[in-house]
Structures are given as structure tokens and as C-alpha cells.
Q: 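Here it is, the structure, as C-alpha cells.
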Amino acid sequence: MKEEVVQTVDEDFYGEKPKKKKSVVIKILNVILWLVLLSWVILVLVDYFRVRNQEDPMFCWFGNKTTDYENGSVTECMGLGYKVINYNRENYKAVEFGPFWIKDRTA
């Protein structure tokens, strides 16, 4: 006797289950999240390259603070997830770009 192979409705010709289609809401949320991530990366890179070229950061909006010392000052500002510290002291002049948890090294 010959055995017959019966293909079920849930499987295609090669025996694989068909992929479920993503809903429209999931696709829209996915696109929005990618656009937000890409925008954030662009903001960080713009400020990084401006600081690297010794210009003021463009998107440093939070926590602008200047600390005065006897021999100069240190200015801190925060962007979205990063911090820029500008050291303007007699013995140390530099600009530091890093994550939001960095601290003033001359304090």
C-alpha cells in the first residue's frame, strides 16, 4: 500500500508555516521609533563635531551652569544624554564631551 502525504492548510509547499503579517499600528510605531533614534543620533553628532571644532554646542539645552574659580571658570551644559564641559582656567583650557554622568575634573 502507498502512503499519502497530506499537506495542512497551515503549511506551505516546503513545510514552513506562513509568516504572520504585522499590524499597521506596529509598523507605524516601528517607523516612529526609528525616526526618533535617528534624530537623537544626529543631534549628538552635530554637537560632538561642533565641540570638536571648538565651537559652542547647538543642542545643549539643559543645566547650563558656570562655576567661577580664582583662576578662571568652568561651564557645563547638558544635551539629550550627553554633557559638554568647557574648562577656561589659567592652567587648564579644554572642552570635554561625554555622557551625562561625567563630572568637572578640576573641582
Side-chain angles (χ1 to χ4, degrees):
M1 243 192 207
K2 204 175 192 185
E3 291 184 24
E4 289 185 30
V5 177
V6 178
Q7 182 177 356
T8 63
V9 177
D10 290 343
E11 297 178 352
D12 66 1
F13 180 73
Y14 297 106
E16 297 176 359
K17 292 185 178 181
K19 295 181 180 177
K20 293 182 180 179
K21 292 185 178 183
K22 291 183 181 178
S23 71
V24 175
V25 174
I26 298 292
K27 287 181 183 179
I28 291 172
L29 286 176
N30 194 3
V31 169
I32 290 172
L33 288 175
W34 277 106
L35 287 174
V36 167
L37 180 66
L38 181 65
S39 301
W40 177 75
V41 168
I42 290 171
L43 291 177
V44 172
L45 287 176
V46 165
D47 270 357
Y48 171 76
F49 285 112
R50 286 182 62 89
V51 167
R52 191 170 145 197
N53 292 332
Q54 297 176 353
E55 298 174 16
D56 289 335
M58 188 179 297
F59 302 110
C60 218
W61 297 317
F62 310 106
N64 292 334
K65 171 176 104 170
T66 301
T67 306
D68 292 321
Y69 296 100
E70 292 176 5
N71 60 353
S73 64
V74 176
T75 305
E76 296 181 17
C77 68
M78 286 188 57
L80 296 172
Y82 61 93
K83 186 185 281 189
V84 178
I85 302 176
N86 186 2
Y87 302 98
N88 190 13
R89 300 184 74 175
E90 288 177 10
N91 56 352
Y92 189 64
K93 293 185 190 270
V95 178
E96 186 175 15
F97 185 93
F100 65 90
W101 60 79
I102 61 173
K103 296 183 180 175
D104 180 1
R105 296 176 190 258
T106 61

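Numbering of residues begins at 1 and proceeds along the displayed sequence.
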Q: Would you say I42 ends up clustered with L37 if hydrophobic residues are merged whenever their side chains have heavy atoms under 4.5 Å apart, either directly or through other cluster members?
A: yes
Q: Please tell me if the side chains of T75 and N88 come closer than 4.5 Å, counting only heavy atoms from C-beta onward.
A: no
Q: Going hydrophobic residue to hydrophobic residue with side-chain gaps under 4.5 angstrom, can you get from L33 over to V36?
A: no
Q: What is the minimum heavy-atom distance between G79 and C60, and which atoms define it?
A: N-SG, 4.0 Å
Q: Look at the side chain of D68 and the backbone N and O of S73, then say whether any donor-acceptor pair between them is shorter than 3.5 Å.
A: no
Q: Where is the tightest heavy-atom contact between F100 and M78, given as atom of each residue plus distance?
A: CB-CE, 3.6 Å
Q: Can V84 be reached from L45 by stepping across I, L, V, M, F, W or Y side chains whose heavy atoms are under 4.5 Å apart?
A: yes
Q: Got a donor-acceptor contact below 3.5 angstrom from the N30 side chain to the I26 backbone?
A: no
Q: L43 and Y82: which non-hydrogen atoms are nearest, and at how many Å?
A: O-OH, 4.2 Å
Q: To the nearest 0.5 Å, what is the distance between NZ on K65 and NZ on K83?
A: 6.5 Å
Q: Would you check if Y87 and E96 make a side-chain contact, meaning some heavy-atom pair closer than 4.5 Å?
A: yes
Q: Give a yes or no on this: more than 12 heavy atoms of other residues, nucleotides or ligands lie within 6.0 Å of atom CZ of F62.
A: yes
Q: Considering only heavy atoms from C-beta outward, does the side chain of V74 approach that of R89 to under 4.5 Å?
A: yes
Q: Return yes when atom CZ of F59 has more than 12 non-hydrogen atoms of other residues, nucleotides or ligands closer than 6.0 Å, and no otherwise.
A: yes
Q: L35, I28: one ILVMFWY side-chain cluster at the under-4.5 Å cut-off?
A: no
Q: When clusters are formed by joining ILVMFWY residues with side-chain heavy atoms under 4.5 Å apart, either directly or through shared neighbours, do V46 and V41 land in the same one?
A: yes
Q: Shortest non-hydrogen contact from N86 to V95?
A: OD1-CG2, 3.6 Å
